[in-house]
Structure formats: C-alpha cells, structure tokens
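Right, one structure below, let's go through it.
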Amino acid sequence: MPHIALPEGLPGISAGFAFRPETARPMRELAHILLHQPNSLTPGERELIATYVSSENDCYFCQTSHGAAAACHLGNAETVKQVKTDFLNAPISPKLKALLAIAAKVQKGGRSVTAEDVAAARRQGATDHEIHDTVLIAAAFCMYNRYVDGLDTWQPRDESMYAEMGRHLAESGYLKPSR
Amino acid sequence: MPHIALPEGLPGIRGAMAFRPETAKPLNELVEVLLHNPGTLSEGERELIATYVSYLNDCHYCQSIHGAIAAAHLNGDEELVRRVKADFQHAAIPDKLKALLVIVAKVQKGGRSVTTEDVAAARRLGATDHEIHDTVLIAAAFCMYNRYVDGLDTIQPHDEAMYRERGKAVAREGYVAISKTYLPAEPVAR
C-alpha cells in the first residue's frame, strides 16, 4: 500500500504524476530532454546511465522500466544486465564506462566527483555537454528514484508490463503517459 | 574551478543552468511549483525543508541560498534557520513540520527508508496527503539539485551578504521570473 492515497492501477511514478499533474509536467519534460531528445550520446547510452543509477539506488520500478527502454534502444537486454552488475566489463564504449564512473560518484554525492574522474572521461572523448548531461541524469534519477520509493508506489513484478512500457518510452519519450 | 567550462560570474546552479537553458526551464518550473506557488505549507516552511535536505547533503550553495530565502519568508529570522539545521526537534517550528522533516531525513538517505510509521506520525499531527507528497518530492528534488551543483563543482562563494540579498530577491520574485536575469532570452517563435 502506498504511503498516500494515489490513483489506483498506475504503477510507479505514473501514480505520483497522476496525483500531482503540476509537478509531473516539468518532471516529464526534464526526462524527455535528458533521455529522449537527439544528443551526441545515444538514447540507449543515456537510458543505460539512468538504469545504472536506479540500480545503485535500489529502485525496482525505475531500473526495470528504464532497463527495458535501454534494451529496446540497444536491441539487447543482456548488455543492460551486465551494465548493472559490472559495467567495466560490459560491451559498451570506453567513453560510456568513464561516464558511468562519474554517474556512480554523483549517486553517492555530488562532492565525490573528482577532477580526475572528469579528466578520464575527457580523455575518452567526452565533451563538456556530455559530462554535464551525465551529472544531471545521475542527479535527476536520485530524485525520481526517491520519489517512487519514498511514496511506496505500486511496483508490480510483471516483465511483460515493463517490456511494453520500455517500448513506449523508447518510441515516444516521456511527455505523455503510456496508458 | 568547475569541472566543465561554465559561464563565468554566475555562482552555484545559475552557472549550470546558463550552460544548458533547455534543462534549466523544467528545473526552474519544478522548484517554482514546489517552493513558491501557494500551498497549505507556507513558503517559509517549504524553504526550511529544502534548506535542511541541502544541509544533510552538505551542499554549501543550496543550503546558504535556500536558508536565506527561508529567512526572508520568516521575517529575517536567520537564527531559526540555523536551529532547524542543527537540531530541528528543538527549533521553534510546528510539530507537523517536525514530523515532515523526519520524513525528509529518510528520503535523503533513500526512498525506501520512509516507513508507514513516519507517515502515520505526520498524519496524526495534521499533515495531508498533498503535504506528505510535496515533502517527499521536495526532499527528492533537492537530492537532485544538490548533486547537480556539487557534481559540476560550481562556484560557491562564502559571502553571507550575497546570499542574504539574493534570498530576499528570490523570495519576492520566485524562481522562474528571476531566472530571466541569467538565462539567455528564449528564441522568438516564428
């Protein structure tokens, strides 16, 4: 049972969004810009960052739905699992590994990010824009994850539901509810 | 020195927002709804929540500026802001706000730390579902804003007078209106 009376039948963050549309609008827009709009990091790479942070924060709904969106973009669910358990040995670019190292630091706290972490990403070709967005994606999922778990939202164990949600997110983005 | 080349002369989150105006827009709109729009919790109470979570996250810029905005809403009572950060259980604030700050501290650690008992305690002191929702979201949102500000290693001056003056201006004008002074003008639709 959620901590407050959320609309029934809506899983995870969609219940929080339906409860309070005024805050849902900027939160949806932020996710859409960070994860879905065209950028030099692919949507698949950005969804992997979101999935990894959500996994570090132990948020079932977010890591499963964004993991499904990442798998849809990448056409590969195995890579998503590897990134969550051991990204340094996952089949992803050295640049994305360096950015995930920054995301891991941001998850612990902003002050954990060192000049050396950033220099390492830059050596692998990361731009200031990509470093900025990596920090903000990681920070934003420290919000979304806490919102979803802090209200104790309904987080069904239903793989087909997440697969469908992942497809919707990968195709249409974050501005509108999937159902 | 910030980790990336941020526009100069803009401290804290303003430098980051001016670097990426596209994300600045929803970031400012969210904080406007949570902290500045009319609500059953006063602006001062909501700014105290933002200040407290920023203090727990050890973000100098955010706790200083939101502490100053809180004080501006609370008749300039900077001592009360200090008391809330140091020991809110003994600060001169309503019991309901104390119960909400207990929830805030749990959210700061992680969303799953919030218990049914924490929420029931707030409800016994009169907190509504809407207030509990916004408390959770303010705490969660500042776990984002704080990480954004510190994760980019933005410029964070140690200058109480600067925060005091800025705090009064933000308390008066709100976040979206004042953002127009440091964000590039939006392109005119054609």
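Throughout, a chain's letter reflects where its sequence line sits, starting with A, and its residues are numbered from 1. Computed from heavy atoms alone, side chains included, the values below leave out hydrogens, waters and symmetry copies.
- Taken to the nearest 0.5 Å, the CE atom of Met27(A) stands 11.0 Å off from the CG atom of Leu27(B).
- With a 4.5 angstrom heavy-atom cutoff, Leu6(B) does not touch chain A via any of its atoms.
- Remark: Lys106(B) NZ to Asp149(A) CG distance equals 14.0 Å, nearest 0.5 Å.
- Within the 4.5 angstrom heavy-atom criterion, only backbone atoms of Thr115(B) (N, CA, C, O) approach chain A.
- Contacts between Tyr145(B) and chain A at a heavy-atom distance below 4.5 Å are absent for every atom of the residue.
- Val113(A) is not listed as a side-chain neighbour of Asp153(B), based on a closest heavy-atom distance of 4.5 Å or more.
- Neither the backbone nor the side chain of Thr134(A) comes within contact range of chain B; no heavy atom of the residue lies under 4.5 Å from a heavy atom of that chain.
- By the criterion of side-chain heavy atoms lying less than 4.5 angstrom apart, applied directly or through intervening Ile, Leu, Val, Met, Phe, Trp or Tyr residues, Val104(B) is grouped together with Val102(B) in one hydrophobic cluster.
- Chain A forms the most heavy-atom pairs under 4.5 Å with one residue out of Thr128(B), Thr116(B), Asp58(B), Asp118(B), and that residue is Asp58(B).
- Leu125(B) and Tyr52(B) fall into different hydrophobic clusters, where Ile, Leu, Val, Met, Phe, Trp and Tyr side chains are chained together by heavy-atom contacts under 4.5 Å.
- In this structure, the portions of Val107(B) lying under 4.5 Å from any heavy atom of chain A include both its backbone and its side chain.
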Worked check of side-chain contact (heavy atoms from CB on, under 4.5 Å) between Asp133(A) and Arg20(B): CA-CA 9 Å; Asp133(A) 278 20; Arg20(B) 183 86 151 101; 2.7 Å; yes

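- Summarising the local packing, CG of Asn75(B) is surrounded by 12 or fewer heavy atoms from other residues, nucleotides or ligands at distances under 6.0 Å.
- Of the possible donor and acceptor atoms, none in the side chain of Asp129(B) sits under 3.5 Å from a partner among the backbone N and O of Ile4(A).
- Heavy atoms closer than 4.5 Å to chain B are found in both the backbone and the side chain of Val106(A).
- Neither the backbone nor the side chain of Lys105(A) comes within less than 4.5 Å of any heavy atom in chain B.
- With contacts defined as side-chain heavy-atom distances shorter than 4.5 Å, the pair Arg147(B)/Gln107(A) does not qualify.
- With a 4.5 angstrom heavy-atom cutoff, Arg122(A) touches chain B only via side-chain atoms.
- Taken together through direct or relayed side-chain contacts under 4.5 Å among Ile, Leu, Val, Met, Phe, Trp and Tyr, Ile33(A) and Val31(B) form parts of separate hydrophobic clusters.
- When each of His133(B), Glu29(B), Arg123(B), Glu22(B) is scored by its heavy-atom pairs under 4.5 Å with chain A, the top score falls to His133(B).
- Atom CD of Glu78(A) sits in a crowded spot, with more than 12 heavy atoms from other residues, nucleotides or ligands closer than 6.0 Å.
- Note: Gly111(B) leads Ala5(B), Gly111(B), Cys59(B) in heavy-atom pairs under 4.5 Å with chain A.
- Between atom CD of residue Glu22(A) and atom CG of residue Leu34(B) there is a gap of 10.0 Å, rounded to the nearest 0.5 Å.
- With respect to chain B, the highest number of heavy-atom pairs below 4.5 Å among Lys108(A), Glu29(A), Arg20(A) belongs to Arg20(A).
- Ranked by non-hydrogen atom pairs under 4.5 Å with chain B, the options Asp152(A), Leu151(A), Asp58(A) are led by Asp58(A).
- Each of Val176(B) and Phe142(B) belongs to its own hydrophobic cluster when Ile, Leu, Val, Met, Phe, Trp and Tyr are linked at side-chain heavy-atom distances under 4.5 angstrom.
- Most heavy-atom pairs under 4.5 Å with chain B, from the set Ala115(A), Gly16(A), Ser112(A): that is Ala115(A).
- By the 4.5 Å heavy-atom criterion applied to side chains, Thr23(A) and Leu137(B) are counted as neighbours.
- Listed options Thr127(A), Ile102(A), Thr114(A) were ranked by heavy-atom pairs under 4.5 angstrom with chain B; first place goes to Thr114(A).
- Interface residue Val136(B): only side-chain heavy atoms are found under 4.5 Å from chain A.
- Residue Leu175(A) is not grouped with residue Tyr147(A) when hydrophobic side chains (ILVMFWY) are merged at heavy-atom distances under 4.5 angstrom, including chains of intermediate members.
- In this structure, chain B has a heavy atom under 4.5 Å from the side chain of Phe19(A), while its backbone stays farther away.
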